[in-house]
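No experiment lies behind these values; they were computed from the predicted model shown. Counting starts at 1 for both ligands and their atoms, following the listed order.
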Amino acid sequence: MKRALITGVTGQDGSYLAELLLEKGYQVFGLRRRTSTPNYENVAHIQDKIEWISGDLTDLASLIEAVRISNPDEVYNLAAQSFVAASWPQPIATGQLTALAVTNMLEAVRIAKPDARFYQASSSEMFGKVQAIPQVETTPFYPRSPYGVAKLYGHWITVNYRESFNMFACSGILFNHESPRRGLEFVTRKVTDGVAQIKLGLATELRLGNLDSQRDWGFAGDYVKAMWLMLQQDTPDDFVISTGEMHTVEELVQVAFDHVGLNWRDYVVIDEKFVRPAEVDLLLGDCTKAKQELGWELEVGFKQLVANMVDADLKRHAGRPVE
Ligand code: GDP
C-alpha cells in the first residue's frame with residue numbers, strides 16, 4: 001500500500017486528491033492545523049478514511065514529525081494562503097505560508113524521508129503580466145501580486161531542491177481550477193453562488209470587480225489527476241496544466257445566469273472594492289507537454305463546469321445534499 005501525505009487536504013484540491021488516492025488504494029495522511037473552528041466541509045465524506053496529523057506549515061519541527069509519522073512515498077504540498085486579493089492586505093503572512101513554508105516542507109522531506117516524491121502546487125499567477133500568449137513551461141514569469149511573487153519562490157525552491165539534492169520534486173503550474181468546493185471568495189464560485197441565491201429569491205444583486213480579465217478555467221477534479229501523474233514518471237519535471245481555452249469574467253457571468261434563465265445585466269453591479277491594485281489581464285495555458293508526457297486529458301469543459309457549479313449551489317441553498 002502506497003502512503004501519501006497531503007498538506008491543504010481540507011481545501012478544494014486536497015479533497016479531490018485525497019478521494020483519488022483513496023480510490024487508488026493509498027493510505028492518505030492529512031496535515032491539519034489546530035483551530036478552534038475546524039472546517040471539514042470538503043472532506044466530510046472521507047474524514048474517517050484520512051489519517052490526521054497535527055502540524056503547522058510555519059513550524060518545521062511539526063513538519064519533520066509529520067513526515068516521520070506518515071513515512072510517505074509521495075508528498076503533495078497544497079497548503080498556502082491561496083487567495084490573490086488577500087495577498088495585498090496580508091503580504092507577509094502570504095510570504096510565510098505560500099513561499100517560505102515550501103522550504104519548510106522540502107526540508108522536512110529532505111531530513112525525514114529524502115526519497116519521497118514531492119509535488120509543489122505552483123500557479124499560473126506566476127506568469128502575471130504575461131510575456132507570451134499562450135504560456136508554456138519556459139515562458140518568463142512576471143508576477144503581479146504578493147501571492148504571485150510568493151508562488152514564484154515556491155516554484156524555484158522546488159526546482160532548486162531537485163537540482164541541489166537530487167530530490168524527486170515536481171512543480172505543477174496549474175491554471176485556475178474550480179469546482180463546487182471552490183472557496184466562495186473566488187470569482188467562479190462567487191458568481192455561481194450569487195446566481196443560485198438570486199434564482200431562489202435570497203439575493204437581488206451580485207457585486208463584482210473587473211469583468212474584462214480573462215482566465216483559463218478548468219475543473220479541479222481533472223487537475224488533481226495531473227498532480228498524481230507527475231509523481232508517477234521516471235524523472236521529476238515541471239508541467240503546465242490548463243484547458244487551452246480562455247474566457248472573460250463577463251462570459252463566466254453570462255453563462256452562469258443563462259443557465260438559470262436570467263439576464264446578468266439585470267443583477268450585476270460593479271463595485272470598485274473588488275478591483276485589484278494590479279491585475280492579471282489574461283491567462284492562457286498550453287499544456288501540450290503534459291498531454292504528451294503524462295498522457296493527461298481534460299474531461300469537463302467550461303460550460304459544463306459552470307453549469308455543475310450553479311446546480312450544486314442551487315441544491316445547497318435549497319438545503320439538499322451536494323456531492
Ligand atoms: P485568481 O485568478 O487566482 O485571482 O482567481 P479569482 O477567481 O480570485 O479572480 C479571477 C479574476 O476575476 C481576476 O482577474 C479578478 O480581478 C476578477 N474578478 C472580478 N470581480 C471579482 C470578484 O468580485 N471577486 C474575485 N475574486 N475576482 C473578481
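Checking only distances, Gly209 does come within under 3.5 Å of ligand 1, N or O to N or O. In terms of N/O distances under 3.5 Å, ligand 1 is approached by Glu185. Checked by distance only, ligand 1 and Trp217 stay at 3.5 Å or farther apart across all their nitrogen or oxygen atoms.
Between Asp222 and His177, the side chains place no donor N or O within less than 3.5 Å of an acceptor N or O (distance only, hydrogens not considered). Between the side chains of Thr94 and Gln81, at least one donor-acceptor pair of N or O atoms lies under 3.5 Å. With hydrogens and angles left out, the side-chain atoms of Thr158 and Gln120 include no donor and acceptor closer than 3.5 Å.
Near Phe274, meaning under 4.0 Å from any of its heavy atoms, are these atoms of ligand 1: 23 (O). For ligand 1, the atoms closer than 4.0 angstrom to any heavy atom of Leu208 are 20 (N), 23 (O). Near Phe83, meaning under 4.0 Å from one of its heavy atoms, ligand 1 places the atoms 8 (O), 26 (N). Using a 4.0 Å cut-off to heavy atoms of Phe186, the atoms of ligand 1 that qualify are 7 (O), 8 (O), 26 (N).
Hydrophobic cluster membership of Leu282, counting Ile, Leu, Val, Met, Phe, Trp and Tyr whose side-chain heavy atoms lie under 4.5 Å apart directly or via other members: Met126, Phe127, Val130, Ile133, Phe141, Leu152, Trp156, Val159, Ile173, Phe175, Val240, Met246, Val280, Leu283, Leu284.
Atoms NZ and NE2, on Lys303 and His247 in that order, are 8.5 Å from each other to the nearest 0.5 Å.
A cation-pi contact links Arg181 to Tyr16, judged by a cut-off of 6.0 Å to the six-membered ring centre and 45° from its axis.
Using modelled atom types, one side-chain atom of Lys199 and one backbone atom of Val260 make a donor-acceptor pair closer than 3.5 Å. Side chain of Arg189 to main chain of Arg182: a donor-acceptor pair is present (N/O by atom type, distance under 3.5 Å, no hydrogens or angles).
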Full working for side-chain hydrogen bond (donor to acceptor under 3.5 Å, both in side chains) between Gln90 and Gln96: CA-CA 10 Å; Gln90 294 171 26; Gln96 283 164 341; over 6 Å; no
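With sequence neighbours left out, the side chain to side chain contact (heavy atoms under 4.5 Å, CB included) criterion links Arg3 to Gln27, Phe29, Asn71, Asp73.
Residue Tyr147 places every heavy atom at 4.0 Å or more from ligand 1.
With a 4.0 Å heavy-atom cut-off, ligand 1 is reached by the side chain of Glu125 but not by its N, CA, C or O. Heavy atoms of Val187 found under 4.0 angstrom from ligand 1 belong to the backbone as well as the side chain. Only the side chain of Val249 comes within 4.0 Å of ligand 1, counting heavy atoms alone; its backbone N, CA, C and O stay farther away.
The nearest protein atom to atom 16 (O) of ligand 1, hydrogens excluded, is given as Glu279 OE2, 2.6 Å; this is a heavy-atom distance. Among all non-hydrogen protein atoms, the one lying nearest atom 19 (C) of ligand 1 is Asn210 O, 3.1 Å. Regarding atom 5 (O) of ligand 1, its nearest protein heavy-atom neighbour is Asn176 ND2, 3.5 Å. When hydrogens are left out, the protein atom nearest atom 9 (O) of ligand 1 is Arg276 NH2, 3.6 Å; that is the closest non-hydrogen contact. Among all protein heavy atoms, the one lying closest to atom 11 (C) of ligand 1 is Ser213 OG, 3.7 Å.
Taking the six-membered ring for Trp and thresholds of 30 and 60 degrees, Tyr223 and Trp296 have ring planes more than 60 degrees apart, a perpendicular arrangement.
With distances taken over non-hydrogen atoms, the option nearest atom 22 (C) of ligand 1 out of Lys190, Arg215, Lys151, Arg182 is Lys190.
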